[in-house]
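Handing you a structure now.
Each ligand, and each atom within it, is numbered from 1 in the order the structure gives.
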Amino acid sequence: MKKILVANRGEIALRVMKTAQKMGIKTVAVYSTADRNAPHVKFADEAVLIGEAPSSESYLRGDKIIEAAQQLKVDGIHPGYGFLSENAGFAEDVEKNGITFIGPRSKAITIMGSKLAAKEAVKKYDIPMVPGIDEAITDVEEAKKIALEIGFPILIKASAGGGGKGMRIVEKEKDLADQMKRAISEAESAFGDGSVFIEKYISSPRHIEIQVLADTHGNTLHLFERECSIQRRHQKVVEEAPSVVLTEEIRKKMGEAAVRVAKACDYIGAGTVEFLLDDDKNFYFLEMNTRLQVEHPVTELITGIDLVEQQIRVARGEELKFAQKDLEINGHALELRVYAEDPLNDFLPSVGKLERYRTPHQEGIRLDDGFEEGMEVPIYYDPMLAKLITYGKSREEAIQLMIQAINSYEVEGVMTTLPFGKFVCEHEAFRSGNFDTHFVKKYYSAEKLESEIEEEARLAAVIALKQYLRDQQQLRLPSN
Ligand code: ADP
Ligand code: ADP
Ligand code: MG
């Protein structure tokens with residue numbers, strides 16, 4: 001593989017290209033008119049404009065991307081995450097055109113792209129599942145019967161859902177009919193597939209996922225867990241590895257279950273098997289994401305393995321150079337997704353120009369970003385600016401470093417999740433490790449964050465005043 005095209009933008013495009021460059025592989029960027037001056041375009045050896053700003057006219061145009069790849073004689077296409085990364089048709093078209101798709105085979109993408117097909121596929125492999133049904137449901141009466149059997153609250157989920165979208169909690173029987181109708185029509189319009197199903201709503205779960213890696217020689221391994229329970233709108237904001245709640249025994253069991261899930265769909269490359277863990281430490285299979293995951297860096301830091309490098313090696317047909325017994329966890333890593341969102345206003349997207357953008361640089365801090373000072377944050381795409389990742393010998397050290405990193409990260413022009421990240425890191429529930437997916441609902445409010453910010457500003461003002469008075473005194477001294 002001499003040349004790779006990255007069919008993505010932002011931080012992930014840059015991150016993939018950096019590893020390719022390290023491996024001596026040339027890189028090709030694709031970009032939309034909104035991203036003309038983006039860092040991923042500047043970084044690549046070659047870059048191709050593929051269309052207008054809306055992703056349906058650019059980053060989702062598989063045909064144009066493949067055409068560009070052929071013209072530039074590209075050997076492989078890396079899809080990153082989001083966009084075409086979980087599009088089985090795209091993976092197939094890439095291969096049909098004689099280019100290597102750096103990811104799993106399209107069959108695995110198809111199976112795992114549907115939460116229902118995924119459940120069906122892994123059923124035979126002794127994988128614990130969330131109580132519920134494993135087929136699409138349209139009949140309200142039947143849904144009621146099932147919900148009563150499982151017990152309220154229940155969750156209606158879109159089979160084709162993703163990114164935290166397409167889920168509805170139903171607390172009481174009387175709300176079921178109405179919620180189901182909404183869920184079906186939402187799934188229809190958001191994913192083009194109205195299939196919904198029912199799962200028991202686990203009341204205080206932790207989201208714990210396992211990184212898997214498989215080659216084409218029959219080796220399938222896991223690279224331990226990531227804890228992703230700090231979420232807003234069912235989507236992760238803070239992730240860490242390892243999780244404080246897993247014992248060696250559960251870690252081993254979950255790892256082995258994840259490997260069986262991967263094997264159930266003949267998985268190749270890097271993938272993630274997501275689980276929920278309940279209060280009694282029972283775990284249940286949620287879904288599998290057949291791509292590089294946003295939060296993969298925390299796994300890289302605790303294992304010392306570059307996952308993009310492994311993806312490329314596997315795509316080249318190489319055998320994994322390590323076995324399960326060679327892998328171990330070293331230290332602790334924490335990631336904060338820095339979104340251009342306003343944590344004081346319900347995490348609504350906050351787009352605009354990055355008037356000021358200064359990033360932290362220090363040992364133990366890794367920043368994966370795709371923006372520069374003066375750039376506009378486009379409204380067309382996911383509003384994630386960067387991933388701020390810290391690594392320490394202990395969890396305490398990683399948390400302390402995260403607070404320092406947040407303090408020295410300066411962003412002006414848009415609101416970001418940075419202050420929220422600090423709120424999390426300073427919160428007793430997070431520090432003690434005693435939290436679940438309801439952290440935000442339970443402990444967070446804009447008012448609390450505001451009063452913390454005010455308190456900090458007050459302290460800063462007091463310090464500044466003291467300094468001023470000291471300076472005044474010193475100035476006066478010589479004249480005395
Ligand atoms: P991860 O699953 O890697 O932790 P997310 O769930 O946040 O991360 O999704 C990764 C990216 O893919 C995000 O940019 C998200 O917006 C996008 N995404 C995920 N699933 C879908 C989907 N079904 N439709 C559109 N975008 C999606
Ligand atoms: P997506 O494809 O959007 O990532 P997931 O099935 O992975 O959907 O679920 C996303 C999040 O929604 C989980 O991390 C968890 O917080 C919540 N969730 C999903 N299923 C359940 C459930 N049965 N009970 C409680 N929470 C759930
Ligand atoms: Mg998920």
If we number the atoms of ligand 2 from 1 as shown, the ones under 4.0 Å from a heavy atom of His207 are 13 (C), 14 (O)

Regarding Arg226 and His207, do their side chains bring together a donor and an acceptor under 3.5 Å, going by distance alone? no

Proximal ligand 2 atoms for Val130, defined as those under 4.0 Å from one of its heavy atoms: 23 (N)

Distance only, no hydrogens: is a donor on one side chain within 3.5 Å (strictly under) of an acceptor on the other, for Thr19 and Asp306? yes

If we number the atoms of ligand 2 from 1 as shown, the ones under 4.0 Å from a heavy atom of Leu155 are 19 (C), 20 (N), 21 (C), 22 (C), 23 (N), 27 (C)

Counting heavy atoms only, which of Leu276, Asp436, Thr437 comes nearest to atom 27 (C) of ligand 2? Leu276

Mode of Gln235 contact toward ligand 2 - side chain, backbone, both, neither (heavy atoms, under 4.0 Å): neither

Under 3.5 Å between some N or O of ligand 2 and some N or O of Ile202? yes

Could Arg337 and Glu295 be called an ion pair, given the rule that one side-chain N must be under 4.0 Å from one carboxylate O? yes

Which of Tyr31, Phe371, Tyr59 passes ring pair (Phe, Tyr, Trp, His ring centres under 6.0 Å) with Tyr381? It is Tyr59

For ligand 2, which atoms have a heavy atom of Gly161 less than 4.0 angstrom away? 2 (O)

Between Lys145 and Glu173, does any side-chain N to carboxylate O distance fall below 4.0 Å? no

Distance-minimising heavy-atom pair for Ser114 and Ser159: OG-OG, 3.2 Å

Proximal ligand 2 atoms for Met167, defined as those under 4.0 Å from one of its heavy atoms: 3 (O), 8 (O), 9 (O), 10 (C), 12 (O), 19 (C)

Identify, by name, the N, O or S atom of Glu274 lying closest to the Mg ion (ligand 3). OE1

Between Lys200 and ligand 2, is there a nitrogen or oxygen pair with a distance under 3.5 Å? yes

Which atoms of ligand 2 sit under 4.0 Å from any heavy atom of Tyr201? 24 (N), 25 (C), 26 (N)

List the steps and the verdict of ring-ring contact (aromatic ring centres under 6.0 Å, His included) for His427 and Tyr443. CA-CA 9 Å; His427 199 280; Tyr443 307 115; 4.5 Å; yes

Would you call Lys157 a ligand 2 contact, heavy-atom distance under 4.0 Å? yes

Please find the N/O/S atom of Glu287 nearest to the Mg ion (ligand 3) and write down its name. OE2

Out of Glu274, Lys115, His234, the nearest non-hydrogen contact to atom 8 (O) of ligand 2 is supplied by Lys115

Heavy atoms of Pro128 and Phe283 approach each other most closely as CB-O, 3.2 Å

Of Val16, Ile77, Leu14, the one forming a side chain to side chain contact (heavy atoms under 4.5 Å, CB included) with Val6 is Val16

State whether a side-chain donor-acceptor pair under 3.5 Å links Ser350 with Asp342. no

Any nitrogen or oxygen of Gly164, main chain or side chain, under 3.5 Å from a nitrogen or oxygen of ligand 2? yes

